[in-house]
Amino acid sequence: MNDRPSRRWRPTPLISAALILHPGALAACLSWPQSWPWALGSVVISHLALTAAGLWPRSRLLGPNLTRLPPRSIARGEIALTIDDGPEPAVTPAVLDLLDRHGARASFFCIGERAAAYPDLIAEIVRRGHAVENHSHHHRHHFSLFGPRRIHRELAEAQAQIGVLAGSPPHFFRAPAGLRNPFLEPVLAGLGLQLASWTRRGFDTRESRPEKVLARLTRNLAAGDILLLHDGHCARTTEKRRVILEVLPPLLDAIRAAGLRPVTLRQALQ
Ligand SMILES: [Zn+2]
């Protein structure tokens, strides 16, 4: 189920330059064969620039990318917690209880095939007032190497699956590990999705010390921040506790002490 209205894809200046450069380089080679080293060099540089832009999760060089909440939301003193890679039966219910205890709302970027495996958890996330967003169907680590058709399949499958289970389709997409390529934005536009990355992340999939994760997330904590945590693929402390469950209580306390209100991305953009 995806009733999201599609939007028009507008290439960024970097994409437009690459689209002009390729036929331009070919035309230069055909009309002036000695120019081939220059033509080839400029094509290689453009590919390197596109690749670098895709490896930088917070970049806007390949298309729109939400890294902070908009001014209206900042004026309301809002902050967004985003929780990736679930649902995870051993973690998500405890995360929901902690959020409830603090009256916090969050956006869960769920993996489509995990949503299909744990439909009750998706229903529970929604029932508690949170939003379920699209984090691809399989969460492949080489997602940024996919062509347009495979990217579309990955997103559309998760969109349909989550849409049915959550009762409404996701509004936002986050790429696995935040890595992407120039084919992603046209697919997002077609599906009516918006790319969302983050302001700060705690690296809680590999950092086993909760205090380190907390320090990264709360550095310069301010209205408009989008924070990234993980309920799936979450690291464990030396006592084998999931890092997110150790980080959330002091993080939610710090957010409250700063006078901020955790809302979903959808609420923030209303
Ligand atoms: Zn992920």
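For the single chain, residues carry numbers from 1 onward in sequence order. We count ligands from 1, going down the list as the structure has it; atoms in each ligand are counted the same way. Computed from a predicted model, the values in this text were never measured in an experiment.
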Under 2.8 Å from the Zn ion (ligand 1), how many protein N/O/S atoms can be counted? 3
Which class fits the ring pair Phe173 and Phe143: parallel under 30°, tilted 30 to 60°, perpendicular over 60°? tilted
Would the distance check show the side chain of Arg200 and the main-chain N or O of Leu217 forming a donor-acceptor pair, the cut-off being under 3.5 Å? yes
Residues joined to Leu61 in its hydrophobic cluster, side chain to side chain under 4.5 Å directly or through other members, sorted by chain and number, are Trp9, Leu14, Ile15, Leu19, Leu50, Trp56, Leu62
Charged N-O contact under 4.0 Å between Glu211 and Arg209: no
Test: salt bridge (Lys or Arg N to Asp or Glu O under 4.0 Å). Region: residues 57-71. Which pairs qualify, not counting sequence neighbours? Arg68-Asp225
Validation: residues 247-255 side-chain donor-acceptor distances under 3.5 Å, sequence neighbours left out:
unit_1 : atom_1 : unit_2 : atom_2 : d
Asp253 : OD1    : His102 : NE2    : 3.3

